[in-house]
Amino acid sequence: MPSLIEYVKEVFKKLDENHFKILRIIERNLSRYEVVPREVILSESGLGQRAEKLLQKLHEYRLIWAPMGLERGFCINYNGLDLLALKSLVDRGVIESLGRPLGVGKEADVYDALTPRGDRVAVKFFRIGRTSFKKYEKYRTSLISSHSYLAASARSASREYKALRILYPREVKVPKPVARSRHVIVTGFFQGIELASIQQLAEPMKVLGEILENVKKAVSAGVVHSDLSAYNVLITPEEDILIIDWPQWVTPKHPMARTYLRRDLSNLVKFFRRKWGIGKLPGEYLKLIEEVCGESLFNVKKPS
């Protein structure tokens, strides 16, 4: 059975501009309707009877769905949103082809891709609420407004892309931002393994120091990750770091910013102590943590 992206890539070849026009009409009107009425779609398309056949095909291809019945109206689903995003990125010359998955998570999938010039990039699809969305046919009455998941995914992509555009020029070790469309962001190609999954590090203390330095740089640039853990720090083949997953970031002026910083750094230090037996931290690390958090962390100073 083909993967979701393989299915979307196959369907992409079967669509023409009018199919995409109908998808955009449905997407645009979801801010006004929980389910976009059939007559609204037909009226705005200006395609007459052709629009009926287009809706039928889009539904057949599983790009839209009708939670209240085919005669009432339609919503777009992740398949349809994927195609709109990919169409935009292709038309803008950002990507030319999509390749293998680089990572699959609970709320996002990352794929290898090529630009028209042959450069490798990473394409990240946000998937907020996808577990429930997969079962919409079974639980359709409770998912009438499930397109809000799509809006949440688009917001997450927008926020992450904004963070990367702030951080990358400030030399914080994050993926290079390239482009965004809807719930999808494109970044420079990267490889790495989650810190949580790494079994061996040549210099774990050095890696911890790199993370602390980059957190400080990010805060200086006006960005607090707010959800930093061993699961969103990647270790490259050269044992360099890359900090990913920024959609929940806040500014240092946010009322909870210091709390988030204390929690994130405390949890990271505990992780390094537990996994690599790091005891007392060097004085410069303690000073760095104090500079970032604005105060000392009691549970950072002493081994747990």
Side-chain angles (χ1 to χ4, degrees), residues 102-103 105 108 110 121-122 124 156 159-178 185-198 200-254 256-276 278 281-297 299-301:
L102 297 174
V110 183
V121 291
K124 182 175 183 178
S156 293
R159 287 187 56 77
E160 176 148 310
Y161 190 65
K162 182 177 181 179
L164 297 182
R165 291 189 67 187
I166 295 170
L167 297 172
Y168 188 79
R170 299 289 291 271
E171 298 185 348
V172 181
K173 291 186 176 178
V174 297
K176 178 183 178 180
V178 174
I185 64 172
V186 181
T187 68
F189 182 77
F190 59 87
Q191 287 181 300
I193 300 174
E194 289 178 355
L195 178 61
S197 301
I198 289 284
Q200 290 186 331
L201 279 177
E203 298 183 81
M205 186 73 84
K206 181 181 177 182
V207 171
L208 175 58
E210 278 288 297
I211 296 171
L212 296 177
E213 285 286 354
N214 278 270
V215 170
K216 181 182 178 181
K217 283 185 182 180
V219 173
S220 297
V223 178
V224 175
H225 191 290
S226 87
D227 190 33
L228 187 60
S229 74
Y231 291 95
N232 41 41
V233 175
L234 300 184
I235 305 298
T236 71
E238 299 76 28
E239 284 205 2
D240 202 353
I241 70 162
L242 199 70
I243 303 177
I244 60 171
D245 298 340
W246 293 85
Q248 298 186 62
W249 72 279
V250 298
T251 71
K253 294 182 179 179
H254 189 281
M256 291 295 290
R258 186 171 293 184
T259 299
Y260 295 149
L261 282 166
R262 287 198 302 264
R263 179 196 63 197
D264 291 353
L265 295 187
S266 177
N267 287 341
L268 278 168
V269 171
K270 287 179 180 178
F271 172 82
F272 273 84
R273 284 177 169 160
R274 182 174 64 251
K275 191 157 187 175
W276 285 289
I278 289 178
L281 296 180
E284 62 266 30
Y285 285 20
L286 295 175
K287 182 179 178 181
L288 200 161
I289 291 170
E290 187 170 350
E291 288 174 355
V292 170
C293 297
E295 60 184 298
S296 299
L297 298 181
N299 59 350
V300 168
K301 287 187 174 180

For the pair L208 and W276, evaluate side-chain contact (heavy atoms from CB on, under 4.5 Å) and give the outcome as yes or no after the intermediate values.
-> CA-CA 11 Å; L208 175 58; W276 285 289; over 6 Å; no
How about L167 and I243: do any of their side-chain heavy atoms sit closer than 4.5 Å?
-> no
Sub-3.5 Å donor-acceptor pair from the side chain of Y285 to the main-chain atoms of L212, do we have one?
-> no
With a cut-off of 6.0 Å (strictly less than), are more than 12 heavy atoms of other residues, nucleotides or ligands near CD of Q200?
-> no
Mind listing the closest non-hydrogen atom pair of S156 and P247 along with its distance?
-> O-CB, 3.6 Å
Got S229 and N267 here, is their nearest side-chain heavy-atom distance under 4.5 Å?
-> no
Residues L102, F190; criterion side-chain contact (heavy atoms from CB on, under 4.5 Å); working and verdict | CA-CA 9 Å; L102 297 174; F190 59 87; 5.7 Å; no
Dump the intermediate steps for side-chain contact (heavy atoms from CB on, under 4.5 Å) on E171 and K217, then the final yes or no.
-> CA-CA 8 Å; E171 298 185 348; K217 283 185 182 180; 4.3 Å; yes
V250 vs M256 side-chain heavy atoms within contact, under 4.5 Å = no
In sequence, state the C-alpha distance, the side-chain angles, and the governing distance for V215 and L268, and then conclude on side-chain contact (heavy atoms from CB on, under 4.5 Å).
-> CA-CA 12 Å; V215 170; L268 278 168; 5.5 Å; no
Minimum side-chain heavy-atom gap R273-L281 below 4.5 Å = yes
Shortest non-hydrogen pair, P282 vs M205, comes out as CD-SD, 3.7 Å
Do the side chain of Y161 and the main chain of V186 share a donor and acceptor less than 3.5 angstrom apart?
-> no
Heavy-atom closest pair, residues W249 and G222 | CZ3-O, 3.7 Å
Separation between CD of E213 and NZ of K216, rounded to the nearest 0.5 Å | 6.5 Å
State, with a plain yes or no, whether a side-chain heavy atom of L234 is found less than 4.5 Å away from one of L195.
-> no
Quick one: closest heavy-atom pair of V224 and A257, and the distance?
-> CG1-O, 4.1 Å
Value rounded to 0.5 Å, distance of OH in Y260 from NE2 in H254 = 5.0 Å
Which atom of V223 lies closest to which atom of P252, heavy atoms considered = N-CD, 4.1 Å
Could you check if a side-chain atom of I185 sits within less than 4.5 angstrom of a side-chain atom of P177, using non-hydrogen atoms only?
-> no
Are any of the side-chain heavy atoms of V269 and I289 separated by less than 4.5 Å?
-> yes
Measure the CG-CD1 distance between L265 and I211 for me, rounded to the nearest 0.5 Å.
-> 9.5 Å
Find the distance between CD1 (I198) and NZ (K275) and round it off to the nearest 0.5 Å.
-> 7.5 Å
Could you give the distance from CG (N214) to OG (S220), rounded to the nearest 0.5 Å?
-> 11.0 Å
Residue pair A122 / V110: nearest heavy atoms and the distance that separates them | CB-CG1, 4.0 Å
So does K176 have more than 12 non-hydrogen atoms from other groups sitting under 6.0 Å from NZ?
-> no
Residues forming a ring pair (Phe, Tyr, Trp, His ring centres under 6.0 Å) with Y168, sequence neighbours excluded | none
Sort and list the pairs that fulfil side chain to side chain donor-acceptor pair (under 3.5 Å) and have at least one residue in residues 231-247, not counting sequence neighbours.
-> K124-D245, K173-D240, T236-E238
Under 6.0 Å from the NZ atom of K162, do we count more than 12 heavy atoms belonging to anything else shown?
-> no
Between R263 (side chain) and S226 (backbone), is there a donor-acceptor pair under 3.5 Å?
-> yes
Quick check: does any side chain N or O of H225 sit under 3.5 Å from a backbone N or O of I244, one acting as donor and the other as acceptor?
-> yes
